[in-house]
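Worksheet for the structure shown next.
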Protein chains: 2
Amino acid sequence: MNFSASEENYIKSIYHLQPPDGVVTTNELAGELQTKPASVTDMLKKLKAKKLLHYERYQGFRLSSEGKKIALGIVRKHRLWEYFLVQKLQFGWDEVHEIAEQLEHINSKVLIDRLDSFLNFPRFDPHGDPIPDTNGKMEVTGHINLTNLEINHAAEVSAVGSQSTELLELLSHKNIGIGTKLEVKKKFNFDKSVEIKIKNLPAFTISGQLAQSLFVKPL
Amino acid sequence: MNFSASEENYIKSIYHLQPPDGVVTTNELAGELQTKPASVTDMLKKLKAKKLLHYERYQGFRLSSEGKKIALGIVRKHRLWEYFLVQKLQFGWDEVHEIAEQLEHINSKVLIDRLDSFLNFPRFDPHGDPIPDTNGKMEVTGHINLTNLEINHAAEVSAVGSQSTELLELLSHKNIGIGTKLEVKKKFNFDKSVEIKIKNLPAFTISGQLAQSLFVKPL
DNA sequence: AATATAATTTAGACAAACCTAAATTTTATT
DNA sequence: AATAAAATTTAGGTTTGTCTAAATTATATT
Ligand SMILES: [Mn+2]
Ligand SMILES: [Mn+2]
Ligand SMILES: [Mn+2]
Ligand SMILES: [Mn+2]
């Protein structure tokens with residue numbers, strides 16, 4: 001079965017909004033998609049008819065297992081393209097979302113699997129979100145992006161957003177690696193930079209871009 | 001101004017059908033786009049209103065200079081993506097058209113210019129068609145693909161379809177380079193392979209894939 | 001429990017891009 | 001020049017995805 005770009009955007013948004021056990025509401029989804037509740041209701045009927053979601057009117061809705069499978073396919077495409085844009089075409093991680101929003105609707109299984117292979121099967125996108133594999137499986141490590149770590153909570157670096165030599169060079173210069181224990185001391189909203197503290201070293205500041213590339217496991 | 005995928009497909013097809021001085025007809029375009037003449041007429045009105053073509057009813061139509069500019073932009077995207085698919089993702093030149101047909105509608109100037117740079121500014125796509133540069137200019141060399149050379153007509157190799165080391169390795173092994181004079185002796189439809197004759201050498205056969213990567217100037 | 005408010009759905013329209021069938025215009029043939 | 005054939009356009013629908021305004025249902029407040 002094939003879906004329109006519009007259907008895919010709805011499915012993906014429901015996937016992102018859906019809490020582990022709960023349900024998504026019409027207004028939430030309308031807000032997310034910048035559309036009107038009435039339009040959402042129309043689409044819900046269509047997606048229900050296609051068996052992509054469970055929905056009883058006025059009761060909210062959630063993806064069916066088929067719907068979840070479709071969603072993971074779109075998420076896979078979105079994140080792989082983002083990784084491609086950053087890693088191969090020198091885009092900043094803050095410039096890729098809009099373009100990936102278009103590219104995720106290109107319809108070709110072989111294209112996306114070859115892209116995956118060309119990129120060397122990356123497990124995280126430039127924002128640190130895990131990339132589902134060809135079967136829709138993705139890592140469920142407990143790590144979070146450093147930018148989401150709470151202030152003064154100890155954590156350990158567990159992954160980096162990419163394997164680029166530039167990133168790795170910067171990390172080694174700053175003595176940060178997998179296993180490094182650290183705390184966030186302060187977050188600066190102006191430029192998203194973050195002050196961190198590593199034991200036995202004076203506190204220092206890292207750029208928002210670098211923080212985005214670091215994933216930590218709270219201890 | 002931004003155009004829908006449908007508008008872009010119409011514009012590109014008119015560009016390809018349009019003879020140097022003549023005009024395109026409704027039925028021709030309907031045939032090319034696998035649609036009905038009535039649908040073509042609808043779109044012609046819209047494109048005329050947007051000043052992308054010159055059109056008087058029952059009289060045929062041709063792109064305006066603005067329309068030509070748009071067309072070249074789409075052709076540029078189509079051919080760059082084809083080159084990417086073949087050169088980076090290991091697709092065969094016969095497998096890329098359909099995917100490029102989708103990718104050509106991705107809307108981002110910076111994306112396509114970065115892709116161009118990433119690919120090292122290729123001048124020909126995998127089918128030997130010239131790739132317009134960022135300003136819509138493309139080479140108008142008189143060369144044609146070797147697969148289109150008439151049998152027993154002398155010609156000189158003038159360009160290759162890509163710069164890949166694999167291609168160049170194969171060419172040097174076969175003693176073919178820019179400037180090599182040759183004739184096509186026979187074309188085999190079964191596997192598209194081609195028998196060629198180079199002076200002072202016995203005739204030999206090259207694969208269809210290799211022939212597709214060779215461009216010659218008839219002498 | 002009654003009523004007010006908020007969320008959701010329905011009804012009815014609209015634009016884009018297509019279609020079929022009928023009407024019109026151009027072109028070819030006698 | 002008249003007529004036949006072909007090409008093109010128009011008229012009137014359909015589907016998809018959107019919208020506004022009104023009606024309905026659920027939730028919150030008195
Ligand atoms: Mn999207
Ligand atoms: Mn992302
Ligand atoms: Mn296309
Ligand atoms: Mn091509």
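Just so we're on the same page: letters track the sequence lines, and every chain starts at 1.
Between A:R57 and C:dT10 there is a side-chain polar atom (N or O) within less than 4.0 angstrom of OP1 or OP2. Dashed line: the shortest gap from a side-chain N or O of A:T35 to OP1 or OP2 of D:dC19 is under 4.0 Å. Distances shorter than 4.0 Å separate none of the side-chain N or O atoms of B:N27 from OP1 or OP2 on D:dA6. B:K45 has a side-chain polar atom (N or O) that falls below the 4.0 Å cut-off from OP1 or OP2 of D:dT10.
Salt bridge present: B:E56 and B:K48 bring a charged side-chain N and a carboxylate O closer than 4.0 Å. A salt bridge does not link B:E66 to B:K51: none of the charged side-chain nitrogens sits closer than 4.0 Å to a carboxylate oxygen.
Residue side chain A:Y58 does not reach the base of C:dT9 through any donor-acceptor N/O pair under 3.5 Å, judged by distance alone.
A straight line from OH of A:Y55 to C1' of C:dT8 spans 8 Å, rounded to a whole angstrom. Straight-line distance from the CD atom of A:E7 to the P atom of D:dT15: 15 Å, rounded to whole Å. Atom P of nucleotide C:dA16 and atom CG of B:N9 are separated by 17 Å, given to the nearest angstrom. Rounded to a whole Å, the NZ atom of A:K36 is 22 Å from the P atom of C:dG12. Atoms CG (A:D42) and P (C:dC14) sit 16 Å apart, rounded to a whole Å. As a whole-Å value, the separation of A:L44 CG from D:dT16 P is 16 Å. To the nearest angstrom, P of C:dT24 lies 18 Å from CD of B:Q59. The CG atom of B:L29 sits 11 Å away from the P atom of D:dT9 (whole-angstrom rounding).
Nearest to the side-chain atoms of A:T41 among the listed nucleotides C:dT26, D:dT18, C:dT8 stands C:dT8. Minimum atom distance to the side chain of B:S6 is reached by C:dC18, of the listed C:dC18, D:dT9, D:dC19. The nucleotide whose nearest atom lies closest to any side-chain atom of A:M43 is, among D:dT18, D:dT9, C:dC19, D:dT18. In this structure, of C:dC19, C:dC18, D:dT18, it is D:dT18 that holds the atom nearest to the side chain of A:Y10.
Side-chain contact annotation: B:K186 with B:T205, donor-acceptor N/O pair under 3.5 Å absent.
More than 12 heavy atoms of other residues, nucleotides or ligands lie within 6.0 Å of CZ in B:R114, so this atom counts as buried by the packing criterion.
Contact annotation for B:S39: base contact, defined as any heavy-atom pair under 4.0 Å involving a base atom. Residue contacts for A:F61: at a heavy-atom cut-off of 4.0 Å it reaches no nucleic acid atom on any strand shown.
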| query | Are A:F61 and A:Y10 close enough, and set up right, to give a ring pair (Phe, Tyr, Trp, His ring centres under 6.0 Å), and what steps lead you there? | reply | CA-CA 12 Å; A:F61 44 89; A:Y10 274 87; 9.3 Å; no
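In terms of position along DNA chain D, the nucleotide closest to B:A38 lies nearer the 5' end than the nucleotide closest to the other residue of the pair B:A38 and A:S4.
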